[in-house]
Amino acid sequence: MVSASGFAPSDTLAVATFGSGCFWGSEKSFQKKFGAKVKTLVGYAGGKSEQPSYQEVCTGNTDHAEVVHIQYDPSEISYAELLDFHFRMHDPTTKNCQGGDKGTQYRSAIFYSTPEQKKLAEAAVHDLQHHFGTHQISTTVEPLTVFWNAEDYHQKYLDKNPNGYECATHFERTWDRIHEVFGGN
């Protein structure tokens, strides 16, 4: 991974990067679930231009996804736990949208940084499909070639703006509830 921005390299901490619609709600969901065990940044990944702006990403022409970039200690939280939560905190069956947010920048995606993350992400997409019944998981598994920080006003947006927009699809679901909604088993 090219580290144009993001977290400083660490020998003991790892990073995980997920696209799950609007990054404001995704970041807030991971913060609520994991608290001080994670540090988060929001930004852009998976696109073709360097240092994209929010306005450029919103056009859909850069191919970037809005993502939450998570730093965590693997001795406290496993990558598998983060993957599991990623699939339960948004709707991974809607292609290029979450709620009213539509476009490739809102795609469900897992951006891997290591071969092990790729293996676990691909297995999760396959292994979790049964929970969603006939609704096909549309989550892409892509290499994290570079992470670009979003503008400062997007960082911790919902902490700074508690009444700000939060996509209605961002909340933690149980697997039992997912079975009920999607007809999975």
Side-chain angles (χ1 to χ4, degrees), residues 1-31 34 38-74 79 82-83 85-87 89-90 92 94-122 124-125 137-161 164-167 169-170:
M1 173 189 79
V2 175
S3 184
S5 51
F7 298 106
S10 170
D11 291 335
T12 59
L13 302 176
V15 295
T17 308
F18 301 105
S20 49
C22 175
F23 49 33
W24 297 341
S26 298
E27 178 181 48
K28 189 66 174 177
S29 293
F30 277 99
Q31 289 173 334
F34 297 104
V38 298
K39 290 182 182 175
T40 59
L41 291 169
V42 295
Y44 316 108
K48 58 189 175 194
S49 62
E50 293 190 13
Q51 298 178 333
S53 70
Y54 179 70
Q55 289 73 23
E56 291 169 331
V57 171
C58 285
T59 68
N61 295 329
T62 69
D63 295 334
H64 286 90
E66 289 190 15
V67 298
V68 60
H69 194 55
I70 301 165
Q71 186 179 55
Y72 65 100
D73 183 341
Y79 185 69
L82 296 171
L83 279 171
F85 182 69
H86 168 71
F87 281 101
M89 59 77 65
H90 80 296
T94 56
K95 186 173 178 151
N96 298 330
C97 74
Q98 287 296 304
D101 296 326
K102 300 188 184 330
T104 57
Q105 68 271 30
Y106 300 116
R107 68 186 177 271
S108 177
I110 302 164
F111 292 91
Y112 61 88
S113 300
T114 68
E116 180 67 15
Q117 283 186 350
K118 178 183 181 185
K119 179 181 168 186
L120 290 170
E122 289 175 341
V125 170
I137 290 176
S138 65
T139 304
T140 59
V141 177
E142 306 174 39
L144 181 63
T145 54
V146 65
F147 169 80
W148 301 103
N149 281 345
E151 296 81 351
D152 286 343
Y153 69 93
H154 289 297
Q155 306 301 330
K156 312 288 185 277
Y157 181 84
L158 290 173
D159 288 343
K160 295 183 263 185
N161 301 280
Y165 170 77
E166 186 172 356
C167 181
T169 65
H170 289 134

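Scope of the values below: all heavy atoms of this structure, side chains included, with no hydrogens, waters or symmetry mates.
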Worksheet entry | Pairing residues for Phe111 by the ring pair (Phe, Tyr, Trp, His ring centres under 6.0 Å) criterion, not counting sequence neighbours | none
Fill in: No-hydrogen, no-angle side-chain donor-acceptor test under 3.5 Å, His90 and Ser108
yes
Discussion item. Side chain to side chain contact (heavy atoms under 4.5 Å, CB included), that's the test. Do Phe147 and Leu41 meet it? Break it down for me.
Written reply: CA-CA 10 Å; Phe147 169 80; Leu41 291 169; 4.1 Å; yes
Worksheet item: Side chains of Lys102 and Asn96: does their closest heavy-atom pair fall under 4.5 Å?
Response: no
Discussion item. Looking at every heavy atom in both Val15 and Tyr72, which two are closest together, and how far apart are they?
Written reply: C-CE2, 3.7 Å
Practice prompt. Quick one: list whatever passes side-chain hydrogen bond (donor to acceptor under 3.5 Å, both in side chains) with Tyr54, sequence neighbours left out.
Written response: none
Worksheet item: Does Val42 reach the side chain of Gln155, with side-chain heavy atoms less than 4.5 Å apart?
Response: yes
Discussion item. Nearest 0.5 Å, please: how far is CD in Gln117 from OH in Tyr112?
Written reply: 10.5 Å
Item to complete: Check step by step if side chain to side chain contact (heavy atoms under 4.5 Å, CB included) holds for Leu144 and His69.
Response: CA-CA 10 Å; Leu144 181 63; His69 194 55; 3.9 Å; yes
Practice prompt. Would you check if Phe87 and Ile110 make a side-chain contact, meaning some heavy-atom pair closer than 4.5 Å?
Written response: yes
Worksheet entry | Contacts of type salt bridge (charged side-chain N to carboxylate O under 4.0 Å, His left out), residue Glu27, not counting sequence neighbours | Lys156
Worksheet item: So which pairs with a foot in residues 13-25 pass salt bridge (charged side-chain N to carboxylate O under 4.0 Å, His left out), sequence neighbours left out?
Response: none
Worksheet item: How would you list, by chain and number, every residue that makes a side chain to side chain contact (heavy atoms under 4.5 Å, CB included) with Asp63, sequence neighbours excluded?
Response: Lys48
Worksheet item: Where do Tyr106 and Thr94 land on the side chain to side chain contact (heavy atoms under 4.5 Å, CB included) test, with the steps shown first?
Response: CA-CA 10 Å; Tyr106 300 116; Thr94 56; over 6 Å; no
Worksheet item: Parallel under 30°, tilted from 30 to 60°, perpendicular over 60°: which one fits the rings of Phe30 and Phe85?
Response: perpendicular
Discussion item. Could you work out, with side-chain hydrogen bond (donor to acceptor under 3.5 Å, both in side chains) as the rule, every residue matching Gln71, not counting sequence neighbours?
Written reply: none
Fill in: Set of residues satisfying side chain to side chain contact (heavy atoms under 4.5 Å, CB included) with respect to Ser138, sequence neighbours excluded
Lys95
Worksheet, complete the sentence: side chain to side chain contact (heavy atoms under 4.5 Å, CB included) filter on Leu158, not counting sequence neighbours, yields Trp24, Lys28, Glu166
Worksheet entry | Heavy-atom neighbours of Glu50 CD exceed 12 at 6.0 Å | no
Discussion item. Using side-chain heavy atoms (C-beta onward) and a distance below 4.5 Å, is Thr139 in contact with His86?
Written reply: yes
Discussion item. Going by side-chain hydrogen bond (donor to acceptor under 3.5 Å, both in side chains), name the residues that satisfy it together with His64, two or more places apart in sequence or in a different chain.
Written reply: Thr62
Worksheet entry | Gln51 side-chain N/O to Trp148 backbone N/O, donor-acceptor pair under 3.5 Å | no
Item to complete: Work out which heavy atom in Ser26 is nearest to a heavy atom in Val68; give both atom names and the distance.
Response: CB-CG1, 4.2 Å
Item to complete: Please identify each residue that fulfils side-chain hydrogen bond (donor to acceptor under 3.5 Å, both in side chains) with Ser29, with sequence neighbours left out.
Response: none
Worksheet entry | Minimum side-chain heavy-atom gap Phe34-Leu82 below 4.5 Å | yes
Item to complete: Return yes if some donor-acceptor pair links the side-chain N/O of Glu66 with the main-chain N/O of Ala150 below 3.5 Å, else return no.
Response: no
Response to the item:
Contacts of Asn161 meeting side chain to side chain contact (heavy atoms under 4.5 Å, CB included) (sequence neighbours excluded), chain-then-number -> Tyr157
Worksheet item: Hey, is the main chain of Ser20 close enough, under 3.5 Å, to the side chain of His170 for a donor-acceptor pair?
Response: yes
Worksheet item: Do you know the tightest heavy-atom contact between Gly60 and Thr104?
Response: O-OG1, 4.0 Å
Item to complete: Sort and list the pairs that fulfil salt bridge (charged side-chain N to carboxylate O under 4.0 Å, His left out) and have at least one residue in residues 146-155, not counting sequence neighbours.
Response: none
Response to the item:
Rounded to the nearest 0.5 angstrom, the CZ-SG distance for Phe23 and Cys167 is 13.5 Å
Discussion item. Assess the residue pair Thr114 and Tyr79 against the criterion (side chain to side chain contact (heavy atoms under 4.5 Å, CB included)); give the C-alpha distance rounded to whole Å, side-chain angles, the decisive distance to 0.1 Å, and a yes or no.
Written reply: CA-CA 11 Å; Thr114 68; Tyr79 185 69; over 6 Å; no
